[in-house]
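Each remark here refers to the structure printed beneath this line.
Residue numbers begin at 1 in each chain, while the letters A, B, ... track the order of the sequences.
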2 protein chains.
Amino acid sequence: MQYSSAMVGLRERKKQRTRRALVDAALRLFADKGYEETTLAEIAAAADVSTRTFFSYFASKEDVLFYDAEERMERLLALVASRGPHESPADLLVRLIDEIVYRSGEEEDLTLEETRLRMRLIMSVPPLQARALFLLFDTQLRLAEALCEAYPGRLGPLDAAAAVGALTGAVKLAAMAAISRGASLQEISDTARRAAALAASGLRSLG
Amino acid sequence: MQYSSAMVGLRERKKQRTRRALVDAALRLFADKGYEETTLAEIAAAADVSTRTFFSYFASKEDVLFYDAEERMERLLALVASRGPHESPADLLVRLIDEIVYRSGEEEDLTLEETRLRMRLIMSVPPLQARALFLLFDTQLRLAEALCEAYPGRLGPLDAAAAVGALTGAVKLAAMAAISRGASLQEISDTARRAAALAASGLRSLG
DNA sequence: CCATGTTTTTCATCCATTGAAAGTTTGCAT
DNA sequence: ATGCAAACTTTCAATGGATGAAAAACATGG
């Protein structure tokens, strides 16, 4: 009937507001006092909900920093599925990396400052790092799979795995280094892209 | 004075025995009731120590399954450092993978059954998987670094990262698949080696 | 056997996470 | 409007991992 933005009821809007309040509160508190030092009770209080309610929005304390992971992965997979007809695997992967790197700078709902903060947090808190790697691994698996499907007969599972591993490996390490030396998003993005190009050149042999 | 094996006092021997008892108990309980379902209290009880004591041997519940991670990494790094004078980076990495894969079958202190069990546990419990990936990442970083040093002037940081990423990426995915379909250690090892060879052939271009 | 340094146990506490029951709010149909 | 049903939130209680501190048990060297 109505345009979808107005169609959602109060319920939905409230939920969005609460989710947002929780993310914001968490990010701010983490920045102020550190991740470990911030309790869920504090986050919940800052967002004006009960502690228990936090868990109906996020499955864990870590999750509040990864709430958009699913969405991001879908975007990447879609990109692979819609490859250009003449695009080589290596080029496609580079475009993919570009997408990842670019997009990290233009979050829908986070400011640049928040994005950087989140990155720094994830990089510096081991359990968060572990979680990020877990998500990345999952993404790699799915990408490799998608890549096989996108190039049927041309790219075996192992080739795909190697290609994805090489590119993400290079980018991961390069970006990591850039982030931890406190580089700007622009620099990080540049470094990552150079790494991708470099790794890709080694992959051209895959066709 | 005496040969080192007899030199260690009762204290040291007891500590080894307790550590071992904890690992064994944990492994057995995890196998019987599952990881999440097993409490530290149960593990400690099975090893005849207090719960608190568990934490003077391992930093966390997860750690009891990764107690030898440090040692393994050192072995790999040593291997890179002692590369043959005419060995190419790709060949060296393949030898490395071989080492990893082989050795997983011949643990110093775990039986084959225990090794398989541990693998299955790590693969099937998300937090353990995350932890394993974290450790792997650390290893990758250090390997890339070591690789650069082993081939000064010949391999830049990004090349090294790409090479390590490609090989470990391929092996990781292949081994993962093999493990989760319940393959034997021999099969896993074979799969991993084929993956490594495949990825390496793509890397020869690095020299 | 004693003095000493270690390790283990006890005890107390914090916090993340989860289940269940009770209380509110929203959406919808009459 | 009114009121019912579904969806959410709060409250309450409990579990289990992790950590600090002080007391108790133990090993070592003299």
Side-chain angles (χ1 to χ4, degrees), chain A residues 1-2 4-23 25-26 29-30 32-67 121 125-128 130-131 134, chain B residues 1-2 4-23 25-26 29-30 32-67 121 125-128 130-131 134:
Chain A
M1 267 178 208
Q2 309 89 321
S4 69
S5 152
M7 213 188 86
V8 300
L10 176 55
R11 242 204 227 351
E12 200 57 27
R13 260 175 296 140
K14 251 189 174 169
K15 266 209 305 200
Q16 293 311 329
R17 230 186 308 139
T18 301
R19 174 187 256 341
R20 181 60 172 273
L22 283 170
V23 171
L29 286 168
F30 290 163
D32 286 358
K33 336 189 345 174
Y35 178 79
E36 324 270 16
E37 292 70 24
T38 303
T39 70
L40 287 181
E42 292 170 320
I43 298 175
D48 261 308
V49 292
S50 75
T51 304
R52 190 69 181 77
T53 292
F54 177 94
F55 288 102
S56 50
Y57 285 88
F58 306 101
S60 72
K61 188 179 176 184
E62 293 177 3
D63 253 38
V64 81
L65 289 172
F66 294 103
Y67 67 98
L121 274 172
V125 180
L128 293 178
R131 181 63 174 280
F134 182 73
Chain B
M1 270 176 204
Q2 311 90 318
S4 69
S5 154
M7 210 188 88
V8 301
L10 176 55
R11 240 197 212 14
E12 200 57 27
R13 262 174 296 140
K14 250 190 176 169
K15 264 209 302 202
Q16 293 310 330
R17 230 184 309 137
T18 300
R19 176 188 233 33
R20 182 61 173 272
L22 282 170
V23 171
L29 286 168
F30 291 164
D32 286 357
K33 335 190 343 173
Y35 178 79
E36 324 271 17
E37 292 70 25
T38 304
T39 70
L40 287 182
E42 292 171 319
I43 297 176
D48 262 308
V49 293
S50 76
T51 304
R52 190 68 180 78
T53 292
F54 177 93
F55 289 102
S56 49
Y57 284 87
F58 306 100
S60 72
K61 188 179 177 184
E62 293 176 3
D63 253 37
V64 80
L65 289 171
F66 294 103
Y67 66 98
L121 273 172
V125 181
L128 294 178
R131 181 62 174 281
F134 182 72

Minimum heavy-atom separation for [X] to [Y], with atom names?
| X | Y | value |
| --- | --- | --- |
| A:A25 | A:I43 | CB-O, 3.9 Å |
| A:A44 | A:L22 | CA-CD2, 4.3 Å |
| A:F66 | A:L128 | CZ-O, 3.6 Å |

Taking OP1 and OP2 of [N], is either one under 4.0 Å from a side-chain nitrogen or oxygen of [X]?
| X | N | value |
| --- | --- | --- |
| A:S56 | D:dT9 | yes |
| B:T53 | C:dT8 | no |
| B:K61 | D:dG16 | no |
| A:Y57 | D:dT9 | yes |

Toward the 5' end of DNA chain D, by each residue's nearest nucleotide, B:E36 or A:V49:
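It is A:V49, whose closest nucleotide lies nearer the 5' terminus.
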Toward the 5' end of DNA chain D, which comes first, B:A59 or A:S50, by nearest nucleotide?
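Comparing both residues, the 5'-ward one is A:S50.
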Name the residue closer to the 5' end of DNA chain C, choosing between B:K15 and B:T51 according to the nucleotide with the nearest heavy atom.
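That would be B:K15.
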Whole-Å distance between [N] [atom2] and [X] [atom1]?
| X | N | atom1 | atom2 | result |
| --- | --- | --- | --- | --- |
| A:E42 | C:dC15 | CD | P | 8 Å |
| B:F30 | D:dG16 | CZ | C1' | 13 Å |
| B:E12 | C:dT8 | CD | P | 11 Å |
| B:F55 | C:dC11 | CZ | C1' | 15 Å |
| B:L22 | C:dT9 | CG | C1' | 14 Å |
| B:F54 | D:dT19 | CZ | P | 11 Å |
| A:R13 | D:dA7 | CZ | P | 19 Å |

How does protein contact run along nucleotides 20-27 of chain D, one letter per nucleotide 5' to 3', with B for base contact, S for sugar-phosphate only, - for none, heavy atoms under 4.0 Å?
BB----SB
Close side-chain approach of [X] to [Y], heavy-atom, < 4.5 Å:
| X | Y | answer |
| --- | --- | --- |
| B:F30 | B:V64 | yes |
| B:D63 | B:R131 | yes |
| A:V23 | A:Y57 | no |

So what does A:T18 hit on the nucleic acid, given a heavy-atom distance under 4.0 Å: a base, only sugar-phosphate, or nothing?
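The residue A:T18 makes no contact with any strand.
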Quick one: does NZ or CZ of A:K61 land under 6.0 Å from the six-membered ring centre of A:Y35, within 45 degrees of the ring axis?
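The answer is yes, since A:K61 meets both limits relative to A:Y35.
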